[in-house]
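Numbers here simply count residues along the sequence, with the first being 1. Nothing here was measured: the structure is a model prediction, and the numbers come from that model.
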Amino acid sequence: MERAPLCVRPYASAEDFLNFDDERVPDCVIFDIHMPGMSEIELQKELAARSSRIPVIFATAHGDNDTAVQALKDGAADFLPKPVKAERLLLAIEKAVEADLRGHESQSRLESALALWEALTPREKEVARGIVRGELNKQVADRMGITEKPSRHTEAHCCSSS
């Protein structure tokens, strides 16, 4: 199985990571349970508070079952006991980066949909709301006091970018 090359950026502390990581780039973060400064659990909570989607992988020789369970409950992508076998670590990274990439793609689609919505006129938005509610074109047209033809045009306009 051929793997894509990985770009590794080490950080001296959790604070450095928070200050310099670029969330626009799909990635994951791997950290140990015992880091200098901010703890790994504090970092994970800070990422959540920032609504960060970055997948977190814990790799530690000092973890216990309670810590692992809590980390996973708090959204960690994986919890790996050290020494970590290279193949296991690479699989965890690939899975985490793929999840982050899907999150970026989903965010991009959402932003595109919002941009399309914002480009609609107020009248087109009203027609679209009626269609989403399950109204027939004729019902939307009657309610809005317009002919059915413009409501069909708006339906095509709203749905043509899917």
Side-chain angles (χ1 to χ4, degrees), residues 1-122 124-134 155 157-162:
M1 168 197 230
E2 189 173 321
R3 291 193 158 91
L6 298 174
C7 176
V8 178
R9 290 185 313 259
Y11 295 94
S13 68
E15 292 83 0
D16 283 351
F17 169 76
L18 289 170
N19 290 328
F20 298 109
D21 187 57
D22 183 356
E23 287 214 21
R24 296 171 297 174
V25 178
D27 59 3
C28 71
V29 60
I30 304 167
F31 45 77
D32 196 324
I33 292 294
H34 296 290
M35 297 186 305
M38 180 186 289
S39 78
E40 74 294 335
I41 298 298
E42 290 170 330
L43 174 57
Q44 188 177 21
K45 289 183 182 191
E46 178 61 25
L47 290 171
R50 293 180 180 199
S51 299
S52 173
R53 295 183 321 265
I54 188 169
V56 174
I57 298 172
F58 287 93
T60 185
H62 305 287
D64 56 35
N65 285 339
D66 290 340
T67 305
V69 168
Q70 189 59 52
L72 293 169
K73 278 184 177 180
D74 289 342
D78 214 332
F79 194 98
L80 307 172
K82 287 183 180 176
V84 180
K85 293 185 179 179
E87 187 66 22
R88 176 68 182 98
L89 179 59
L90 288 172
L91 287 173
I93 292 169
E94 284 177 352
K95 183 178 171 185
V97 171
E98 286 172 11
D100 197 36
L101 183 58
R102 284 191 305 274
H104 280 268
E105 290 168 351
S106 178
Q107 182 67 30
S108 178
R109 285 192 304 274
L110 176 61
E111 289 169 3
S112 293
L114 288 173
L116 288 171
W117 176 257
E118 291 304 319
L120 295 176
T121 66
E124 289 172 326
K125 288 179 182 179
E126 183 58 32
V127 171
R129 286 184 190 103
I131 293 166
V132 168
R133 286 190 298 263
E155 179 180 29
H157 176 84
C158 296
C159 303
S160 64
S161 300
S162 359

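- With rounding to the nearest 0.5 angstrom, the CZ atom of Phe31 is 4.5 Å from the CG atom of Leu43.
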Please determine whether side chain to side chain contact (heavy atoms under 4.5 Å, CB included) holds for the pair Lys95 and Asp78, giving the CA-CA distance in whole Å, both sets of side-chain angles, and the decisive distance to 0.1 Å. CA-CA 9 Å; Lys95 183 178 171 185; Asp78 214 332; 5.8 Å; no

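- For the pair Glu46 and Leu18, the tightest heavy-atom approach, listed with the atom from each and the gap, is CG-CD1, 3.7 Å.
- When all heavy atoms are compared, the tightest approach of Asp100 to Arg53 is OD1-O, 3.7 Å.
- When all heavy atoms are compared, the tightest approach of Ile57 to Cys28 is CD1-SG, 4.1 Å.
- Taking CG of Leu101 as the start and CD of Glu94 as the end, the distance is 12.5 Å to the nearest 0.5 Å.
- Between Ala77 and Ala96, the closest heavy-atom pair is CB-CB, 4.2 Å.
- Lys85 NZ to Leu91 CG: the interatomic distance, rounded to the nearest 0.5 Å, is 12.5 Å.
- The one candidate from Thr60, Val69, Val56 that meets the side-chain contact (heavy atoms from CB on, under 4.5 Å) condition with Phe79 is Thr60.
- Looking at Thr67 and Gln70, their side chains never come closer than 4.5 Å, going by heavy atoms from C-beta outward.
- Remark: Arg129 engages Glu126 in a salt bridge, criterion side-chain N to carboxylate O under 4.0 Å.
- The CD1 atom of Ile30 sits 3.5 Å away from the CD1 atom of Ile93 when rounded to the nearest 0.5 Å.
- Within the 4.5 Å cutoff, the side chain of Gln44 has no heavy atoms near those of the Met38 side chain.
- Side chain of Ser106 to backbone of Arg102: no donor-acceptor contact under 3.5 angstrom is found.
- When all heavy atoms are compared, the tightest approach of Asp74 to Lys45 is OD2-CE, 4.1 Å.
- Nearest heavy atom pair, residue Val84 against residue Ala59, reads CG2-CB, 4.3 Å.
- To the nearest 0.5 angstrom, Phe58 atom CZ is 12.5 Å from Lys82 atom NZ.
- The number of heavy-atom neighbours closer than 6.0 Å to CG of Asn65, taken from other residues, nucleotides and ligands shown, is 12 or below.
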